[in-house]
Amino acid sequence: MKSLLVIVGPTGIGKTDLSIDIAKEFGTEIISSDSRQVYKELKIGTAVPTDEQLNQVQHHFIGNKSIYDYYNASMFEVEVLETLASLHKKFDQVVMTGGSGMYINAVCDGIDDLPTIDQKLRDDLIDKLEKEGIASLRLQLKMLDPESYHKIDLKNPKRILKALEVSIQTGKPYSSFLTESKKPRDFKIIKVGLQRERDELYHRINLRVDQMVNEGLIDEARQFFKDRHLNSLNTVGYKELFESFEGLITEEKAVELIKRNSRHYAKRQISWFSRDKDIVWFHPERKEEIIGFIKSRI
RNA sequence: GGUACCAUAGCUCAGUUGGUAGAGCAACGGACUGAAAAUCCGUGUGUCCCUGGUUCGAUUCCAGGUGGUACCA
């Protein structure tokens, strides 16, 4: 049976290097599952693999979209399944690595089918949120979809917006679209998680941010200052620099915040992945053990 | 060497007229179904420098010690 070797872990843990080694070991290619590395304009701040690394192993889903495109986890699911099907014709194993938990889940378990939301409706709801406050949206949700109202986090505007968008556009409650079931996949999924001591991880993150700055992160961000409202640029490493360009904070402070926000991001990833009981955890330097583990499962 | 001041959370510091303590930042824990590097929720984590004294009780008062800072030599 064909398999997908999924390598996960927080930002800065060492996924890229290990994945290349694993892909070489199995003579295969890599699918990136990173919601920001898909944007071709964002290179330094998203820590995409170097040209040298990209030349060693064929990568997919890196720089294949533009920051001006609309993109989401469901689109990622569809596109990856397509790519994976064609890769599996050539390779028994394919590696997938990245830190975007929701994107990974979309590929491994699938997400329920929902309609694409009309941009006008989304804008109107955001407008309503700004003008009338979250309480107004809550009330509307309570009427349109009482089940979601009881289930979702009512303090989180994005959750309420999502449920409302779907309920309004389809005329059916958002909760009625949720099946709470996994989509079957015709390949085996093997999940490897990477972990290190927290201090060590944070040290690596801090160093990597300094390195990004040396490589020209500030210029890269400045280039897209005009596009700072785009969701694709609501990203650690860019949003902090935009604030410094606006004169709200110093550049030095921005770099400090990038480090802190990257650490916070890493923590959120750790929380997300630790819930997945299928993941087997290793230290990134235990390459032989990891390869042995994969071979025992395929 | 002398004098003065200081020593409280990871850091910077506040505070307790004697009843074991708090703020900012940092940190920690969690949620997550199409914007997810997003968004949201929760948590003080402490030999109050050490030893002895006074006291029912000392982080607080007293003495000595240790470390630091400033000034005088």
Side-chain angles (χ1 to χ4, degrees), chain A residues 9-12 15 32-39 42 44-48 65 67-80 98-119 122-123 125-126 129 134 137-138 147-148 151-166 169-170 174-183 198-199 201-202 205-206 208-209 212 217 221 229-241 253 256-276:
Chain A
T11 188
K15 294 188 290 295
S32 163
S33 49
D34 187 302
S35 72
R36 300 293 131 135
Q37 287 183 4
V38 295
Y39 299 116
L42 310 183
I44 300 171
T46 60
V48 294
K65 299 287 169 191
I67 54 171
Y68 306 104
D69 296 334
Y70 175 73
Y71 201 56
N72 63 43
S74 177
M75 294 162 78
F76 182 75
E77 175 191 358
V78 171
E79 291 175 16
V80 167
S100 302
M102 192 175 183
Y103 280 37
I104 292 162
N105 282 8
V107 171
C108 295
D109 304 330
I111 46 183
D112 292 317
D113 290 326
L114 296 174
T116 299
I117 300 303
D118 183 61
Q119 191 61 46
R122 173 164 293 178
D123 292 342
L125 282 171
I126 291 171
L129 171 66
I134 196 168
L137 295 188
R138 266 185 215 138
E147 197 179 324
S148 290
K151 209 173 148 191
I152 68 178
D153 177 3
L154 295 174
K155 287 181 177 168
N156 190 329
K158 290 208 177 188
R159 297 280 140 67
I160 298 182
L161 281 171
K162 182 79 233 159
L164 271 181
E165 284 169 356
V166 174
Q169 181 158 319
T170 64
Y174 169 68
S175 53
S176 69
F177 290 89
L178 306 181
T179 63
E180 290 181 349
S181 62
K182 288 186 180 184
K183 289 185 188 168
R198 192 67 63 89
D199 287 351
L201 175 63
Y202 285 0
I205 288 173
N206 293 342
R208 195 171 70 166
V209 171
M212 287 175 179
L217 176 62
H229 61 279
L230 295 173
N231 174 64
S232 52
L233 288 168
N234 184 188
T235 299
V236 174
Y238 298 90
K239 58 183 176 184
E240 298 85 357
L241 284 168
K253 179 72 179 172
E256 231 175 81
L257 287 175
I258 292 171
K259 290 176 183 173
R260 186 200 65 185
N261 290 343
S262 296
R263 296 194 295 267
H264 288 176
Y265 171 49
K267 175 58 185 77
R268 273 180 272 130
Q269 291 174 298
I270 291 169
S271 283
W272 178 288
F273 293 129
S274 65
R275 211 163 36 139
D276 187 341

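Here is the naming used below: chain letters follow the sequence lines, and residue numbers restart at 1 for every chain.
- Across all strands shown, A:Tyr238 has no heavy atoms under 4.0 Å from either base or sugar-phosphate atoms.
- At least one side-chain nitrogen or oxygen of A:Asn231 sits closer than 4.0 Å to the OP1 or OP2 atom of B:A36.
- Nucleic acid contact for A:Thr11: none, since no nucleic acid atom lies under 4.0 Å from a heavy atom of the residue.
- Put simply, A:Arg36 has no side-chain N or O that comes within less than 4.0 Å of OP1 or OP2 on B:A38.
- With B:A36, B:G34, B:C25 as the choices, the nucleotide that has an atom nearest any side-chain atom of A:Arg260 turns out to be B:C25.
- Nearest nucleotide to the A:Ser271 side chain, out of B:A35, B:A31, B:G34: B:A31.
- When the side-chain nitrogen and oxygen atoms of A:Lys239 are compared with OP1 and OP2 of B:A38, one or more of them lie within a distance under 4.0 Å.
- Defined by atom type and a distance below 3.5 Å, a donor-acceptor pair is missing between the side-chain atoms of A:Arg208 and A:Ser262.
- The phosphate of B:A26 (OP1 or OP2) has no side-chain N or O of A:Arg263 nearer than 4.0 angstrom.
- Across B:A35, B:A31, B:G42, the shortest atom-to-atom separation from the side chain of A:Leu161 is found for B:A35.
- Among B:G29, B:G34, B:C40, the nucleotide with an atom closest to any side-chain atom of A:Arg198 is B:G29.
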Taking Watson-Crick and G-U wobble contacts under 3.5 angstrom, with | marking pairs to another strand and [ ] crossing pairs, the secondary structure of RNA chain B is written (((((((..((((.....[..)))).(((((.......))))).....(((((..]....)))))))))))).

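- At a threshold of 4.0 angstrom between heavy atoms, the contacts of A:Glu77 with the nucleic acid are absent.
- The shortest distance between the side-chain N/O atoms of A:His264 and the OP1/OP2 oxygens of B:C28 is not below 4.0 Å.
- When heavy atoms are screened at a 4.0 angstrom cut-off, A:Ser100 is found touching the sugar-phosphate backbone but no base atom.
- At the heavy-atom level, A:Thr116 lies under 4.0 Å from base atoms of the strands shown.
- Dashed line: the shortest gap from a side-chain N or O of A:Arg268 to OP1 or OP2 of B:G30 is not under 4.0 Å.
- Checking the phosphate oxygens (OP1, OP2) of B:G34, a side-chain nitrogen or oxygen of A:Tyr174 falls inside 4.0 Å.
- Residue A:Gly45 is in base contact, counting any heavy-atom pair closer than 4.0 Å across all strands shown.
- As judged by a 4.0 angstrom heavy-atom cut-off over every strand, A:Tyr39 is placed among residues making no nucleic acid contact.
- Taking only side-chain atoms of A:Lys267, from C-beta outward, the nucleotide of B:G29, B:C41, B:U33 with the closest atom is B:G29.
- Within 4.0 Å (heavy atoms only), A:Asp109 reaches no atom of the nucleic acid at all.
- Counting any heavy atom pair closer than 4.0 Å across all strands shown, A:Asn234 reaches sugar-phosphate atoms only and no base atom.
- Within the nucleic acid shown, A:Tyr103 comes within 4.0 Å of sugar-phosphate atoms alone, with no base atom in reach, counting heavy atoms only.
- Counting non-hydrogen atoms under 4.0 angstrom, A:Asn261 reaches nothing in the nucleic acid.
- Side-chain proximity of A:Tyr70 to the nucleotides B:C28, B:U39, B:A35 is greatest for B:A35.
- Among B:C28, B:U39, B:A36, the nucleotide with an atom closest to any side-chain atom of A:Pro157 is B:U39.
- Taking 4.0 angstrom as the limit, A:Lys162 places a side-chain polar atom (N or O) nearer than this to OP1 or OP2 of B:A35.
- For A:Gln269 and A:Leu257, each mapped to the nucleotide of RNA chain B holding its nearest heavy atom, the one lying further toward the 5' end belongs to A:Leu257.
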